[in-house]
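Presented below is the structure to which this report refers.
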Amino acid sequence: MFLRVDKLQVELPPPAKQDPNAAAALQELLGGKYGEMSTLGNYMFQSFNFRSKSKLRPFYSLVAAITAEELGHVELVSNGVAMLNNGPDTGAEDEGDGGDISDAPFADMKDIRLAAAFLSGGGGAMPVNSNGHSWNNDMITSTGNVVLDLLHNFHLECGARLHKLRVYETLSDPTGREVCGYLLVRGSVHAHAYALALKKITGVDIEKMLPVPNIPLGNIPECQKYLAEGSHRRLYTFSPSDYREMSGIWGNGEQALPDDPPGELIVVDGMPDGGKIQQLTGVPSAFSPNYAPEEMFEIATKLYKASR
């Protein structure tokens with residue numbers, strides 16, 4: 001089962017401006033070949049299909065716990081996309097109607113890179129890449145062979161790191177760059193974890209290949225605070241009591257990668273403290289949540305009071 005908490009894994013700074021083209025670039029980290037939909041899908045179905053769970057518990061626990069984290073990464077990137085499409089929250093009330101829609105209030109949208117994000121998605125995120133191509137099952141590998149699946153996962157995390165670095169270099173907005181910075185740190189954790197798991201099974205020091213690409217995280221300003229707090233040394237169970245068996249792989253005297261701040265790897269019960277989810281103001285002229293939403297707000301207010 002999954003337990004959902006109404007927070008993001010990390011709080012994102014508000015965007016400097018509305019930037020749908022930056023949001024389109026960030027979509028690559030969601031629905032691209034090496035995006036969060038792919039990492040989630042691979043690890044989730046590998047964990048569902050895992051054979052001999054009790055006998056191979058440390059390896060199963062590793063894949064299962066990272067699955068839960070990846071679900072939060074999908075949520076994080078999606079929020080980043082929506083924030084960039086929306087722009088800074090003006091704090092204005094989103095009541096009233098959408099005004100004169102015959103005055104072409106969204107004429108500028110004809111020039112955006114991923115028009116469907118607004119025309120079909122209302123400015124939100126969708127499981128597509130930066131060109132609007134749908135994510136699909138062909139991006140999932142779940143062979144049932146533990147070594148092959150772990151090797152694929154290592155490749156997947158290295159590919160994701162490459163994509164995040166490339167997307168990062170196309171962005172200047174703090175929201176998108178924060179998404180990239182946090183995910184670069186956590187993705188490096190996952191690559192390191194899968195390398196150590198392969199080392200335990202095969203004896204091959206695959207972690208010596210890291211980082212791929214070969215650029216220290218400390219070179220990325222948005223990564224530095226996460227390195228300073230030790231995020232690169234932590235794997236979370238995302239569970240009150242399960243999946244601690246992965247400490248035999250992640251921990252047990254194993255150390256951080258040479259380019260990162262030193263220290264022993266640790267397993268942490270539960271999840272990160274997290275941060276608030278930014279509330280996106282309605283856009284009645286785009287019929288989100290509706291052209292004249294006052295009645296909906298009134299009903300929701302009554303229901304909220306009834307729940308207290």
Side-chain angles (χ1 to χ4, degrees), residues 1-3 9 33-74 137 139-161 183-212 230-258 260 263-272:
M1 296 186 290
F2 294 96
L3 173 68
Q9 287 184 13
K33 181 176 181 179
Y34 295 105
E36 302 301 332
M37 288 293 298
S38 290
T39 50
L40 169 65
N42 277 268
Y43 311 157
M44 182 164 63
F45 282 96
Q46 288 174 16
S47 66
F48 292 165
N49 298 332
F50 206 101
R51 303 297 180 98
S52 303
K53 287 184 174 72
S54 59
K55 295 179 180 178
L56 297 173
R57 189 75 189 181
F59 302 100
Y60 165 67
S61 293
L62 181 72
V63 176
I66 295 178
T67 295
E69 179 168 358
E70 294 294 350
L71 190 55
H73 288 182
V74 170
N137 171 69
M139 299 176 189
I140 290 180
T141 295
S142 178
T143 68
N145 183 288
V146 175
V147 174
L148 183 55
D149 283 350
L150 290 173
L151 189 60
H152 171 78
N153 296 352
F154 177 76
H155 157 78
L156 188 59
E157 292 290 352
C158 290
R161 176 184 168 93
L183 293 180
L184 279 166
V185 174
R186 297 307 301 164
S188 291
V189 167
H190 298 166
H192 191 185
Y194 289 130
L196 291 176
L198 286 162
K199 178 181 179 179
K200 301 295 183 184
I201 296 177
T202 68
V204 178
D205 293 336
I206 294 181
E207 79 277 11
K208 291 181 179 179
M209 294 177 62
L210 295 170
V212 178
S231 182
H232 63 293
R233 297 187 294 107
R234 299 178 193 152
L235 262 181
Y236 298 91
T237 63
F238 283 88
S239 171
S241 57
D242 294 325
Y243 308 129
R244 281 206 58 86
E245 298 87 356
M246 66 181 175
S247 61
I249 299 169
W250 186 266
N252 201 26
E254 296 284 357
Q255 299 293 311
L257 294 172
D260 296 336
E264 186 172 347
L265 308 183
I266 57 173
V267 170
V268 179
D269 287 328
M271 63 199 73

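Computed over heavy atoms, backbone and side chain alike; hydrogens, waters and symmetry mates excluded. All figures in this text were calculated on a predicted structure; none of them were measured in a lab.
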Pairs meeting criterion salt bridge (Lys or Arg N to Asp or Glu O under 4.0 Å) with involvement of residues 53-67, two or more places apart: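 Passing the test, one end in residues 53-67: R57-E245.
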With sequence neighbours left out, which residue pairs that include part of residues 193-211 fulfil the salt bridge (Lys or Arg N to Asp or Glu O under 4.0 Å) condition?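 Listed by first then second residue: K199-D205, K199-E207, K200-E254, D205-K208.
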Do side-chain atoms of [X] reach the backbone of [Y] as a donor and acceptor pair under 3.5 angstrom?
X: E157; Y: H155; answer: no
X: T39; Y: E36; answer: yes
X: W250; Y: A197; answer: no
X: S38; Y: Y34; answer: no
X: R234; Y: I266; answer: no
X: Q46; Y: T141; answer: yes

ring-ring contact (aromatic ring centres under 6.0 Å, His included) partners of F154, counting only residues at least two apart: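 F154 satisfies ring-ring contact (aromatic ring centres under 6.0 Å, His included) with no other residue.
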Atom [atom1] of [X] and atom [atom2] of [Y]: how far apart are they, to the nearest 0.5 Å?
X: I206; Y: L198; atom1: CD1; atom2: CG; result: 4.0 Å
X: R51; Y: N145; atom1: CZ; atom2: CG; result: 12.0 Å
X: L56; Y: F50; atom1: CG; atom2: CZ; result: 5.0 Å
X: L3; Y: M271; atom1: CG; atom2: CE; result: 5.0 Å
X: F59; Y: D149; atom1: CZ; atom2: CG; result: 13.0 Å

Full working for side-chain contact (heavy atoms from CB on, under 4.5 Å) between T237 and D242: CA-CA 7 Å; T237 63; D242 294 325; over 6 Å; no
Listed partners of R161 passing side chain to side chain contact (heavy atoms under 4.5 Å, CB included), at least two apart: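 Only L165, L184, S188, P211, P213, I215, L217 meet the side chain to side chain contact (heavy atoms under 4.5 Å, CB included) criterion with R161.
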Check each of V268, I66, L265 against L235 using the side chain to side chain contact (heavy atoms under 4.5 Å, CB included) test, and report the only one that passes.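 Among the candidates, only I66 passes.
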Residues which pass side-chain hydrogen bond (donor to acceptor under 3.5 Å, both in side chains) with R186, listed by chain and number, not counting sequence neighbours: E69, S231
Residues that D269 engages under side-chain hydrogen bond (donor to acceptor under 3.5 Å, both in side chains), provided they are two or more places apart: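 If we apply the side-chain hydrogen bond (donor to acceptor under 3.5 Å, both in side chains) test to D269, skipping adjacent residues, the hits are R244.
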Contact summary for M139 and N42, nearest pair of heavy atoms: O-ND2, 2.9 Å
Search all heavy atoms of S47 against all heavy atoms of A64 and return the closest pair with its distance.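 Minimum heavy-atom separation between S47 and A64: CB-CA, 4.1 Å.
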Kindly assign one of parallel, tilted or perpendicular to the pair H190 and H73, based on the angle between their ring planes and the thresholds 30° and 60°.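 The rings of H190 and H73 lie parallel, inter-plane angle below 30°.
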